[in-house]
Amino acid sequence: MHTLTQLDRLELAPDVRAALEAAPSVTIPATRDELYALSLGPDGGRTFWVDYDVDGEVVTEATVTRCRNGIAVNYPEDYMRRRDPQCMVIADDHPTDKTRFADRFGHSFDTTRADTMAWLAHQDLVVVPFKAGGPRHGSPSIAIVPANAAFFATALVDLQGWVTFEELGDFSPRSILYVAPPFRHTHFDGKQVVVHDRSETLHEIFAYNLYPGPSAKKGVFSVLLDIGEQEGWITAHASSVRVTTPYDNETVIMHEGASGGGKSEMCQELRREDDGRILLGTNVATGEPYLITLSETSDLAPVTDDMTLCHPAVQDGSGKMVVADAEAGWFVRVDNLKSYGADVHFERAVIHPDEPLVFFSIDGVPDATALPWEHTLDSTGKPCPNPRVVIPRTMIHGIVHEPEPVDVRTFGVRMPACTSDKPTYGIMGMTHFVPPAIAWLWRLIAPRGDKNPSIGEAADAVKTLEHGGMVSEGVGSYWPFSTGTQVEAANLLLRQILEFNRTRYVLTPNQHIGAYQVGFSAEWLTREWLARKGGGRMRADQLEPARCALFGYAPKEMTLDGQPIRRTLLRPETQSHVGEAAYDAGCAILTGFFKSELAKFLTDDLDPLGRRIIETCLVDGGVDDYEALTPMYL
């Protein structure tokens, strides 16, 4: 344990330093073990209640249960078990398209900031340093957390990597994260609120809740996006994996998409039935399963999980974008683990970890092993859809620790079922190759799609999704975490796509393909096929224009281990339970949604090429029109 003198070398604002000096105690843990022990409270008992005084009433914000393999953190309220998509507000005067604090709450942030510092000044505190963006390329930062919420600080440093003040030396923090949980009740009517206050050299995050998703996780993402916008690079909302075929050919695939779009799943093994076959899909009208056999599958070596650093320092000038992980640990959603054996390597890692882990919304029993498939029940009696575990990269089986050049960028979208009786936008075929211009459009919109489990939707979004509509997560699918403007983000993304011109762009759906419920099998089999094609190499005569221009091209055929994939999965309009009329109705829904969302980008600040691409969509251009603007690398 270090003393407050460790902070003397930091450049801190006067009100921050005053709060630290006035606090009853400030603990700077010397080791991760020390911080982990603090997570269970001063007595280190079996269960610790994280309580706060709220206007004279004791409110339990979280419970921390001591398990054999880690701590199980649970929140009494369902609402606190997932990120509120409307939690971000901006306190500064820098350019932004996000809601400003004053506009939402009717007054400046100054008073709330002063209240926050006054509250912190009366708390026992934990201060931890970290590097926003990971140990290698990250920016030195600190977090100031009430000591009874040390689990939050443990999760933060597990995500960003353990580092000490001695290792960092004298520095000015590039970001500071403050945590003041009871303000959710005293100032914000029970809502999750995360306030961002930016200057040219400092990005402050005020977290008024204890779920780490919007602050310790995505808040740090906001810092990276802010830095990247200033310096001209992007941290993508993506996973990436190196796929090695049975013939030792290697392909690196980077998968993007809105929350729930299959990023975590891209790094996961194929699911097999008990007899070893693979269930590609089940017809929702007839209940007929569609199974294929695959004797050998490729080896997977995860590169990144969610925050993918496209930093200038790792580029090699090859025309392929080189990526590295922006985190030292992963915030893995385990809702798809229902019982033992679904993902053996991952299960072994979290059940027998090298060091105790932090679990969220897992039904942990004191002094027993926390099991990743035993999810906490919501008040509805159903399992929480967003159970998580924070696991260091070093514990992930077969992980890649060095930067990797990307061969294929895939984009995933959650699709509802589409039938002739109930037409929807769920008409994407199993695999589509698209020109960079169309790839850019999908990233501008980033449709959230069907039944997203990762965040708590706003009431209007829930209503829209329930009625077969779409909700946009926005630019690059990282827009929910960006504090800047959409047009600047769109320009930066377009420049990135144009710069790395030796990349293939592919769309792949999950959940449904027309009348087939596919889960993530289509994504997994597309990954397998792309790798066996040698980085997705195609000849022009192997592709045909999709019926809906926004899907670019469909492969004329797709074969795995000598088994042709049914054409009805490649061209959903050929399904007997879909047909061309329902497909066209779905295309109209999709195209109309794109047009309505793209109009706002047509400002004087938009890149001229971006304007031409959007105008092509607005006039129902064909795939050849998009390809004329941005040639497709095959």
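Being a predicted model, the structure only gives us computed values, none of them experimental. Computed from heavy atoms alone, side chains included, the values below leave out hydrogens, waters and symmetry copies.
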Engineer: Can you confirm if the NZ or CZ of R388 lies within 45° of the ring axis of F331 and under 6.0 Å from the centre of its six-membered ring?
Structural biologist: yes
Engineer: Assess whether salt bridge (Lys or Arg N to Asp or Glu O under 4.0 Å) is satisfied between K191 and D84, documenting all intermediate values.
Structural biologist: CA-CA 8 Å; K191 298 297 184 182; D84 185 330; 5.3 Å; no
Engineer: Donor-acceptor pair, N69 side chain versus T369 backbone, under 3.5 Å?
Structural biologist: no
Engineer: Any side-chain heavy atom of P480 within less than 4.5 Å of one from R83?
Structural biologist: yes
Engineer: Just say parallel, tilted or perpendicular for the rings of F101 and H107, cut-offs at 30° and 60°.
Structural biologist: perpendicular
Engineer: Determine whether a donor-acceptor pair (N or O, by modelled atom type, separation under 3.5 Å) exists between the side chain of E204 and the backbone of S199.
Structural biologist: no
Engineer: Could you tell me whether a side-chain N or O of Q123 sits under 3.5 Å from a main-chain N or O of A147, the two making a donor and an acceptor?
Structural biologist: no
Engineer: Given 3.5 Å as the limit, does a donor-acceptor pair link the side chain of H137 with the main chain of L309, or not?
Structural biologist: no
Engineer: Determine the minimum heavy-atom distance between Y75 and L210, stating which atoms define it.
Structural biologist: OH-O, 2.6 Å
Engineer: Should F152 and Y211 be marked as a ring pair (Phe, Tyr, Trp, His ring centres under 6.0 Å) after you check the CA-CA gap, both sets of side-chain angles, and the distance that decides it?
Structural biologist: CA-CA 8 Å; F152 183 99; Y211 178 60; 9.4 Å; no
Engineer: Do you know the tightest heavy-atom contact between L159 and A216?
Structural biologist: CD1-O, 4.1 Å
Engineer: Above 12 or not: heavy atoms from other molecules or residues under 6.0 Å from CG of D93?
Structural biologist: no
Engineer: Counting only heavy atoms not in D189, do more than 12 fall under 6.0 Å of its CG?
Structural biologist: no
Engineer: Is there side-chain contact between D407 and K320, with heavy atoms separated by less than 4.5 Å?
Structural biologist: yes
Engineer: Heavy atoms, side chains only, cut-off 4.5 Å: are V389 and V334 in contact?
Structural biologist: yes
Engineer: Is the backbone of L156 close enough, under 3.5 Å, to the side chain of Q160 for a donor and an acceptor to pair up by distance?
Structural biologist: no
Engineer: Does a side chain donor of either T31 or D33 reach within less than 3.5 Å of an acceptor in the other side chain?
Structural biologist: no
Engineer: Checking R393 side chain against V400 main chain: does a donor-acceptor pair fall under 3.5 Å?
Structural biologist: yes
Engineer: Please lay out, stage by stage, how D97 and W479 fare under the test side chain to side chain contact (heavy atoms under 4.5 Å, CB included).
Structural biologist: CA-CA 10 Å; D97 286 334; W479 174 246; 3.7 Å; yes
Engineer: Run the salt bridge (Lys or Arg N to Asp or Glu O under 4.0 Å) test on R81 and D78 for me, step by step, so that the C-alpha distance in whole Å, both residues' side-chain angles and the decisive distance to 0.1 Å come before the verdict.
Structural biologist: CA-CA 5 Å; R81 298 171 184 173; D78 295 0; 3.2 Å; yes
Engineer: Is there a donor-acceptor pair under 3.5 Å between the side chain of E488 and the backbone N or O of E229?
Structural biologist: no
Engineer: Carefully, step by step, assess L357 and M395 under the rule side chain to side chain contact (heavy atoms under 4.5 Å, CB included).
Structural biologist: CA-CA 11 Å; L357 305 176; M395 296 187 197; 3.8 Å; yes
Engineer: Apply side-chain hydrogen bond (donor to acceptor under 3.5 Å, both in side chains) to the pair S240 and T304, showing each step before the final yes or no.
Structural biologist: CA-CA 5 Å; S240 55; T304 69; 2.7 Å; yes
Engineer: Say you draw a straight line from CD1 of I234 to CZ of R495; how long is it, rounded to the nearest 0.5 Å?
Structural biologist: 8.5 Å
Engineer: Distance only, no hydrogens: is a donor on one side chain within 3.5 Å (strictly under) of an acceptor on the other, for E61 and H185?
Structural biologist: yes
Engineer: Test your reading of the model: is there a side-chain donor-acceptor pair from N74 to the backbone of I362, 3.5 Å cut-off?
Structural biologist: yes
Engineer: Which atoms form the tightest heavy-atom contact between V220 and I205, and what is the distance?
Structural biologist: N-CD1, 4.2 Å
Engineer: Shortest non-hydrogen contact from A143 to F130?
Structural biologist: N-CE2, 3.9 Å
Engineer: Nearest heavy-atom pair of R66 and G44: which atoms, and what distance?
Structural biologist: NH1-O, 3.0 Å
Engineer: Looking at OH of Y478 and CD of E473, how far apart are the two atoms once the value is rounded to the nearest 0.5 Å?
Structural biologist: 12.5 Å
Engineer: side-chain hydrogen bond (donor to acceptor under 3.5 Å, both in side chains) for S25 and D124? Distances and angles first, verdict last.
Structural biologist: CA-CA 5 Å; S25 69; D124 294 312; 2.7 Å; yes
Engineer: Check for me whether the distance between the ring centres of F206 and H196 falls short of 6.0 Å.
Structural biologist: no
Engineer: Does the side chain of S141 pick up a donor-acceptor pair with the side chain of S175 at under 3.5 Å?
Structural biologist: yes
Engineer: Hey, what do you get for OH (Y36) to OG (S39), rounding to the nearest 0.5 Å?
Structural biologist: 7.5 Å
Engineer: Can a side-chain donor-acceptor contact be found between Y52 and T60 if the only test is distance below 3.5 angstrom?
Structural biologist: no
Engineer: Applying the salt bridge (charged side-chain N to carboxylate O under 4.0 Å, His left out) criterion to E327, which one of R136, K218, K217 satisfies it?
Structural biologist: K217
Engineer: Do K131's NZ or CZ and the ring of W162 fall within the cation-pi criteria of under 6.0 Å and 45°?
Structural biologist: no
Engineer: Would you say S239 and D305 are linked by a side-chain donor-acceptor pair, where the criterion is simply a distance under 3.5 Å?
Structural biologist: no
Engineer: Does the side chain of E499 come within less than 4.5 Å of M321's, by heavy atoms?
Structural biologist: no
Engineer: Distance only, no hydrogens: is a donor on one side chain within 3.5 Å (strictly under) of an acceptor on the other, for N148 and W49?
Structural biologist: no
Engineer: Measure from the side-chain N and O atoms of R198 to the backbone N and O of T483, and report whether any donor-acceptor pair falls under 3.5 Å.
Structural biologist: yes
Engineer: Working to the nearest 0.5 Å, report the span between CG of L35 and OG1 of T27.
Structural biologist: 10.0 Å
Engineer: Are any non-hydrogen side-chain atoms of F360 and F151 less than 4.5 angstrom apart?
Structural biologist: yes
Engineer: Can you measure from CG (L202) to CG (D197) and round to the nearest 0.5 angstrom?
Structural biologist: 8.0 Å
Engineer: Looking at SG of C267 and CZ of F346, how far apart are the two atoms once the value is rounded to the nearest 0.5 Å?
Structural biologist: 11.5 Å
Engineer: Salt bridge check: are K263 and E256 linked by an N-O gap of less than 4.0 Å?
Structural biologist: no
Engineer: Got more than 12 heavy atoms from elsewhere within 6.0 Å of CZ, R68?
Structural biologist: no
Engineer: Do V406 and V322 touch side chain to side chain, with heavy atoms closer than 4.5 Å?
Structural biologist: no
Engineer: Report yes if the side chains of F481 and P214 come closer than 4.5 Å at any heavy-atom pair, otherwise no.
Structural biologist: no
Engineer: Can you list the steps and then say if D15 with R113 is a salt bridge (Lys or Arg N to Asp or Glu O under 4.0 Å)?
Structural biologist: CA-CA 9 Å; D15 60 343; R113 179 191 175 98; 2.7 Å; yes
Engineer: Taking it one step at a time, do F105 and H187 satisfy ring pair (Phe, Tyr, Trp, His ring centres under 6.0 Å)?
Structural biologist: CA-CA 10 Å; F105 298 108; H187 289 64; 9.6 Å; no
Engineer: Is the number of heavy atoms from other residues, nucleotides or ligands under 6.0 Å of E11 CD greater than 12?
Structural biologist: no
Engineer: Quick one: does any side-chain atom of T485 pair with a main-chain N or O of P95 as donor and acceptor, under 3.5 Å?
Structural biologist: no
Engineer: If we only count heavy atoms from C-beta on, is the P387 to W373 side-chain gap below 4.5 Å?
Structural biologist: no
Engineer: Taking 4.0 angstrom as the limit, do R32 and D158 come out as a salt bridge?
Structural biologist: yes
Engineer: Could you report the tightest heavy-atom contact between P383 and H375, atom names first, then the distance?
Structural biologist: CB-CB, 4.1 Å
